Amino acid sequence: MKPDLFEAPDYYNLDELLSEEHKLVRDAAREWVKRDVSPIIEEYAQKAEFPNQIIGGLAEIGAFGPYIPVEYGGAGLDQISYGLIMQEIERGDSGVRSTASVQSSLVMYPIWKYGNEEQRQKYLPKLASGEWMGCFGLTEPDHGSNPGGMVTNFKDMGDHYLLNGAKMWISNAPFAQVAVVWAKNEEGRIHGLIVERGMEGFSTPETHNKWSLRASATGELIFDNVKVPKENLLPNKSGLGAPLGCLDSARYGIAWGAIGAAMDCYDTALRYSKERIQFGKPIGQFQLQQKKLAEMITELTKAQLLTWRLGVLRNEGKATSAQISMAKRNNVDMAINIAREARQMLGGMGITGEYSIMRHSMNLESVITYEGTHDIHLLITGLDITGLNAFK
Ligand SMILES: Cc1cc2nc3c(=O)[nH]c(=O)nc-3n(C[C@H](O)[C@H](O)[C@H](O)COP(=O)(O)OP(=O)(O)OC[C@H]3O[C@@H](n4cnc5c(N)ncnc54)[C@H](O)[C@@H]3O)c2cc1C
């Protein structure tokens with residue numbers, strides 16, 4: 001792979017809206033990605049393997065629980081810093097960002113928000129340091145966009161719960177020590193349970209043959225009469241709103257992350273357009289190529305502004321789920337379009353692993369599907385503005 005020469009586009013001087021702390025956090029993540037992710041990521045994506053050696057670095061830049069209080073091992077940062085970390089990691093690779101998002105927003109967040117003090121003390125510091133990795137089991141083979149229909153269930157056996165069912169498409173599953181699993185009790189109410197590797201009847205087979213997010217490990221969670229201790233139930237929230245609350249936090253991170261992937265594609269295409277000579281001129285001098293670049297930076301800038309404002313609303317505790325849906329949907333769509341255009345601008349070189357664009361392009365096919373598909377987020381906006389529910 002070519003050396004990482006990334007220079008971040010900031011067409012509307014958005015850096016002026018960031019605090020010194022934001023910039024320090026962002027720059028530390030950016031440097032780490034250049035040093036420890038860019039040189040190895042193409043090789044790991046090609047061999048479809050998660051690079052375990054970067055876990056310590058992810059913990060050091062605060063990617064595991066950026067906004068979790070420091071007393072639990074988190075970085076105690078605000079929502080904009082959290083977003084900037086996700087942006088920088090996904091600038092390197094969406095699969096690496098997925099690992100960090102799952103750990104922070106889908107495992108640490110529910111334990112912090114819905115767990116009791118013993119659970120927080122037991123799990124959060126180990127997850128923040130990367131000593132333990134976590135995964136989040138919501139999606140099932142027959143229930144993806146409609147998680148409320150889940151069939152995974154648990155029964156109260158007096159001194160423990162008995163968990164049965166299966167989850168599919170679970171990021172980090174093959175190596176996670178801890179799984180936050182959503183399952184229905186005998187009354188059909190959804191609860192979160194913390195399941196640990198090693199519990200009898202619990203297995204995590206890996207999902208192979210992915211053309212997307214190849215540097216992120218994906219698997220199933222299988223529960224065959226798993227005895228879960230009663231103290232592993234998350235006591236402080238139940239119902240579908242509990243997993244959806246985690247998804248709000250993760251989708252917000254994805255909105256920032258997609259900007260990172262798009263920035264990398266734009267920056268690569270811009271540099272290439274000045275270096276590649278055809279018909280005696282740099283291709284960037286041709287109007288058709290300038291149109292592509294001009295539209296890319298316009299869409300990227302709009303997404304940056306949308307996301308920065310969403311971060312301010314999140315910091316004030318005012319962002320709605322529907323606003324987060326809009327940003328996730330818009331930004332991933334923006335990124336996937338920029339990746340496609342950028343890849344064309346590199347001609348044949350664009351399909352090789354010499355450059356990051358094709359990997360971003362393939363990764364974004366997962367990002368546009370997980371945590372609510374492109375169409376599902378559109379329906380969430382539709383419901384929000386009309387008050388009419390297209391899901392029923
Ligand atoms: C790489 C990867 C990692 C993932 N990681 C996780 C994870 O860590 N944890 C987890 O729980 N899940 C995870 N997922 C699952 C992901 O969230 C689901 O794939 C996603 O929610 C879509 O579900 P589905 O694949 O079953 O598609 P379906 O729900 O079957 O949807 C198929 C199509 O139908 C459309 N559709 C569905 N319902 C409607 C409707 N009402 N109106 C209009 N169109 C509709 C969808 O938009 C989509 O285009 C991951 C997925 C991938 C690919």
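The structure displayed is predicted, hence computed values, not measured ones. For the single chain, residues carry numbers from 1 onward in sequence order. Order of listing sets the numbers, starting from 1, for every ligand and every atom in it.
Closest to atom 4 (C) of ligand 1, if we only count protein heavy atoms, is W169 O, 2.9 Å. Atom 49 (O) of ligand 1 has its closest protein heavy atom at D375 OD2, 4.3 Å. Summary of contacts: the protein heavy atom closest to atom 19 (O) of ligand 1 is T369 CG2, 3.9 Å. The nearest heavy-atom contact from the protein to atom 24 (P) of ligand 1 is G144 CA, 4.0 Å. Atom 9 (N) of ligand 1 has its closest protein heavy atom at F136 O, 2.9 Å. From the protein, the heavy atom lying nearest to atom 15 (C) of ligand 1 is T139 OG1, 3.2 Å. Looking only at heavy atoms of the protein, atom 8 (O) of ligand 1 is closest to S171 N, 2.9 Å.
Every N/O-N/O distance between V102 and ligand 1 stays at or above 3.5 Å. Between Y370 and ligand 1, a contact under 3.5 Å exists for no N or O pair. For ligand 1, none of its N or O atoms has an N or O atom of N146 under 3.5 Å away. Residue-to-ligand polar distances keep H143 apart from ligand 1: every N/O pair is separated by 3.5 Å or more. Of the polar atoms of F391, none of the N or O atoms is found under 3.5 Å from an N or O of ligand 1, judged by distance alone.
Annotation for E316: atom CD counts as buried by contact number, over 12 foreign heavy atoms lying within 6.0 Å.
Between F279 and F286, the two ring planes are perpendicular [angle over 60°; tilted spans 30° to 60°].
In this structure, V228 and H160 have side chains that are not in contact, with every pair of non-hydrogen atoms separated by 4.5 Å or more. No side-chain heavy atom of T204 sits under 4.5 Å from any side-chain heavy atom of E220.
At a heavy-atom distance under 4.0 Å, only side-chain atoms of L213, from C-beta outward, approach ligand 1. Using a 4.0 Å cut-off between heavy atoms, L138 contacts ligand 1 through both its backbone and its side chain. At a heavy-atom distance under 4.0 Å, only side-chain atoms of L379, from C-beta outward, approach ligand 1. Under 4.0 angstrom from ligand 1, the non-hydrogen atoms of E371 all belong to its backbone.
Residue I376 approaches ligand 1 through these ligand atoms, each under 4.0 Å from one of its heavy atoms: 38 (N), 39 (C). Residue contact check: I170 has heavy atoms under 4.0 Å from atoms 7 (C), 8 (O), 9 (N), 10 (C), 11 (O) of ligand 1. Within ligand 1, the atoms closer than 4.0 Å to a non-hydrogen atom of T373 are 22 (C), 46 (C), 47 (O), numbered from 1 in the order shown.
Taking only non-hydrogen atoms, the option from A179, S145, S212, G219 nearest to atom 37 (C) of ligand 1 is S145.
Electrostatic pairing of R91 and D4 counts as a salt bridge here, judged by a charged N lying under 4.0 Å from a carboxylate O. Residues R189 and E187 are not paired through a salt bridge, judged by the lack of any N-O separation under 4.0 Å between the basic side chain and the carboxylate. Taking a cutoff of 4.0 Å between a charged side-chain nitrogen and a carboxylate oxygen, D15 and R26 qualify as a salt bridge. The existence of a salt bridge linking R120 and E117 is confirmed by a sub-4.0 Å separation between a basic side-chain nitrogen and an acidic carboxylate oxygen.
Within a 4.0 Å radius of atom 30 (O) of ligand 1, the protein has no heavy atom. The protein does not reach atom 33 (C) of ligand 1 closely, with no heavy atom under 4.0 angstrom from it.
A cation-pi contact links K230 to Y161, judged by a cut-off of 6.0 Å to the six-membered ring centre and 45° from its axis.
Using modelled atom types, no side-chain atom of E90 and backbone atom of A261 make a donor-acceptor pair closer than 3.5 Å.
For the ring-ring contact (aromatic ring centres under 6.0 Å, His included) criterion with Y82, the lone passing option out of W256, F64, Y252 is Y252.
Between the side chains of S212 and S366, a donor-acceptor pair is found at a separation under 3.5 Å.
If you look at F50 and Y44, their ring centroids are not closer than 6.0 Å.
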